[in-house]
Amino acid sequence: MRKKNEDKYKQFSNELLDWYDVSRRDLPWRAAPGASSNPYFVLLSEIMLQQTVVTTVIPYFIRFINKWPKIIDLAQADFNEVSSLWAGLGYYRRAKNLHETAKILVKQHNGIIPNDEDVLLTFPGIGEYTAAAISAIAYDTKSNVVDGNIERIFSRLYKIEEPLELSKQKIRTLSKKYLPCKRNGDYAQALMDLGSSVCIPKAPRCQICPIISTCKLGGTPNAAMYPKRLPKKNKKQRYGVFYLLMDDEGSILFSTNKNEGIFANMDVLPSIGWNEENKKLESSPKIISKELALFNLNWEILEKKINHIFSHFKLNCTLVFFRIKKSTLNNLIIDKKYRFVKKTELNKLAKPSLIKKILDVFEEEIVK
DNA sequence: GAACCGTGGCA
DNA sequence: TTGCCAAGGTT
């Protein structure tokens with residue numbers, strides 16, 4: 001019986017690797033067939049790919065390796081520049097963790113990325129999946145790489161009825177049995193390519209699947225129903241007010257967030273609210289905040305509204321544009337954390353997509 | 001375990 | 001339009 005199972009596992013990986021040799025995606029961090037990969041490229045791409053699709057990552061990855069071709073370049077970079085190149089990619093703590101990891105690697109590991117999963121796990125921003133993926137893809141170790149794609153594939157292979165949130169450990173145990181003795185990095189990437197182009201979440205393309213013969217759901221209309229999931233919680237609606245303050249030289253008031261919370265370390269516009277109850281703030285845009293108080297002045301005000309959706313809440317944004325004269329700045333109470341940024345310096349900031357969106361809304365006013 | 005942490009594409 | 005989801009990690 002054991003012999004029979006081993007044959008099954010071997011056939012599975014062989015068929016998958018044969019498919020990979022023909023169907024593999026050509027990605028900028030991927031080594032040519034037969035060539036050894038660049039561990040720095042693997043690490044950088046794996047961090048960027050956390051919860052982020054390949055097509056989104058590619059241009060960011062290219063910009064990063066053009067600016068910092070080696071890990072030592074990244075380690076020595078000014079974090080503000082790292083943050084700025086990361087802007088728009090989301091999950092901004094990743095940028096800080098990446099930079100910290102690069103610095104540790106250069107300082108304590110001679111700039112060499114370890115192949116040991118346990119060592120990789122000690123770096124900030126590298127968890128179980130990423131450690132296994134770097135080890136397998138960069139050094140071809142026999143690591144049990146389990147990402148969302150692989151969870152979906154094994155959920156379907158075994159027609160797992162439990163919600164994915166509850167079956168992760170079972171899937172790890174199953175997937176470990178299938179690991180081949182050779183080409184482990186290719187094998188992991190083959191599963192991921194399969195998950196992204198064939199065993200896709202909706203409408204899986206079972207007709208062209210190289211491993212349909214081992215799949216309990218293969219070719220059945222039910223395949224799309226797996227993996228099953230726990231019911232999603234509704235995103236709460238929050239309300240916030242954002243202020244675009246421009247002086248008569250065209251400079252705009254910004255602050256840089258601390259290394260915490262949403263938009264960690266990013267450059268943002270002054271805002272208040274972000275609460276579920278603050279809907280009433282919409283009607284009093286002139287009172288900004290304790291740190292930034294505006295009273296009894298004749299402002300040129302333009303008000304707009306946009307919506308923005310985050311991973312765990314929705315934000316209804318009231319946007320308020322003020323044009324102020326420098327001579328009246330003395331009447332403002334402005335916390336020291338704020339600073340005016342010249343129009344020509346805007347492109348150097350690390351602006352989250354929401355902040356870019358707000359600047360776009362007032363583009364005509366900014367150009368004036 | 002559950003909440004927090006972004007964004008864009010797609011149906 | 002809305003909800004879903006994607007190469008997860010940290011607290």
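- Side-chain nitrogen and oxygen atoms of A:Gln50 include none within less than 4.0 Å of the OP1 or OP2 phosphate oxygen of C:dG8.
- Side-chain atoms of A:Val54 lie closest to C:dA7 of the nucleotides C:dA7, C:dC5, C:dG9.
- Nucleotides of DNA chain C nearest to A:Asn234 and A:Ser311 differ in position, and the one nearer the 5' end is that of A:Asn234.
- The existence of a salt bridge linking A:Lys348 and A:Glu345 is confirmed by a sub-4.0 Å separation between a basic side-chain nitrogen and an acidic carboxylate oxygen.
- Closest approach to the A:Lys202 side chain among C:dA7, B:dG8, C:dC4 is made by C:dC4 (side chain taken as heavy atoms from C-beta onward).
- When heavy atoms are screened at a 4.0 angstrom cut-off, A:Ile134 is found touching no nucleic acid atom at all.
- A pairwise comparison of heavy atoms in A:Tyr129 and A:Val146 identifies CD1-O, 3.6 Å as the closest pair.
- Judged by closest nucleotide on DNA chain B, A:Glu260 is the one of A:Glu260 and A:Thr55 placed further toward the 5' end.
- Nearest nucleotide to the A:Lys314 side chain, out of C:dA6, C:dG3, B:dT7: C:dG3.
- Between A:His312 and B:dA2 there is no side-chain N or O to OP1 or OP2 distance below 4.0 Å.
- No contact: A:Val57 has no heavy atom under 4.0 Å from any strand.
- Figure legend: A:Arg63 and A:Tyr60 shown as a cation-pi pair, the cationic atom lying under 6.0 angstrom from the six-membered ring centre and within 45 degrees of its axis.
- When rounded to the nearest whole Å, the span between CZ of A:Phe310 and P of B:dC4 equals 13 Å.
- Rounded to whole angstrom, the span from the CE atom of A:Met48 across to the C1' atom of B:dG6 amounts to 14 Å.
- Rounded to a whole Å, the CD atom of A:Gln51 is 8 Å from the P atom of C:dA7.
- Among the protein residues, A:Ser353 comes within range of the sugar-phosphate backbone only, with heavy atoms under 4.0 Å from sugar or phosphate atoms but none that close to a base.
- Judged by the 6.0 Å and 45° rule, A:Lys70 forms no cation-pi pair with A:Tyr40.
- For the P atom pair drawn from C:dC4 and B:dA3, the interatomic distance equals 16 Å after rounding to whole Å.
- Not less than 6.0 angstrom separates the ring centroid of A:Phe310 from the ring centroid of A:His312.
- Here B:dA3 presents its P atom at 15 Å from CZ of A:Phe313, a figure rounded to the nearest Å.
- For A:Arg229 and C:dG3, the shortest distance from a side-chain N or O to OP1 or OP2 is not below 4.0 Å.
- Across the protein-nucleic acid pair, A:Asn259 atom CG and C:dT10 atom P stand 13 Å apart, rounded to whole Å.
- Set against C:dG3, B:dT7, B:dG6, the side chain of A:Thr52 has B:dG6 as its closest nucleotide.
- Note on A:Lys168: every side-chain N or O is 4.0 Å or more away from OP1 and OP2 of C:dG8.
- Here the two rings, on A:Phe41 and A:Phe61, have centers that are under 6.0 Å apart.
- Closest to the side chain of A:Tyr92, from the set B:dC5, C:dG8, B:dT7, is B:dT7.
- Counting any heavy atom pair closer than 4.0 Å across all strands shown, A:Lys233 reaches sugar-phosphate atoms only and no base atom.
- A:Arg152 has a side-chain polar atom (N or O) that falls below the 4.0 Å cut-off from OP1 or OP2 of C:dA6.
- With P as the reference atom, B:dG6 and C:dT11 are 14 Å apart, rounded to whole Å.
- No engagement by A:Trp86 is indicated, since no non-hydrogen atom pair under 4.0 Å with the nucleic acid exists.
- As a whole-Å value, the separation of A:Ile200 CD1 from C:dC5 P is 13 Å.
- Residues A:Asn259 and A:Asn265 have side chains that bring a donor and an acceptor to within less than 3.5 angstrom of each other.
- Contact annotation for A:Ser45: no contact, since no heavy-atom pair falls under 4.0 Å across all strands.
- Within the nucleic acid shown, A:Gly261 comes within 4.0 Å of sugar-phosphate atoms alone, with no base atom in reach, counting heavy atoms only.
- If you check every strand for non-hydrogen atoms under 4.0 Å, A:Glu128 touches sugar and phosphate atoms only.
- At least one side-chain nitrogen or oxygen of A:Thr130 sits closer than 4.0 Å to the OP1 or OP2 atom of C:dG9.
- Distance, A:Tyr60 OH to B:dG6 C1': 10 Å, rounded to whole Å.
- Within 4.0 Å (heavy atoms only), A:Arg25 reaches at least one base atom of the nucleic acid.
- Counting only heavy atoms from C-beta on, A:Phe263 has its side chain closest to B:dG6 among B:dC5, B:dG6, C:dA7.
- With hydrogens and angles ignored, no donor-acceptor pair closer than 3.5 Å exists between the side chain of A:Thr56 and the base of B:dG9.
- As rounded to the nearest Å, B:dA2 and C:dA7 have C1' atoms that lie 23 Å from one another.
- Between the P atom of B:dT7 and the CD1 atom of A:Ile355 lies a distance of 9 Å, rounded to the nearest Å.
- The residue A:Ile126 sits close only to the backbone: its heavy atoms come under 4.0 Å of sugar-phosphate atoms, none of a base.
- Between A:Glu165 and A:Ile262, it is A:Glu165 whose nearest contact on DNA chain B lies nearer the 5' terminus.
- A:His109 and A:Phe123 have their aromatic ring centers within a separation under 6.0 angstrom.
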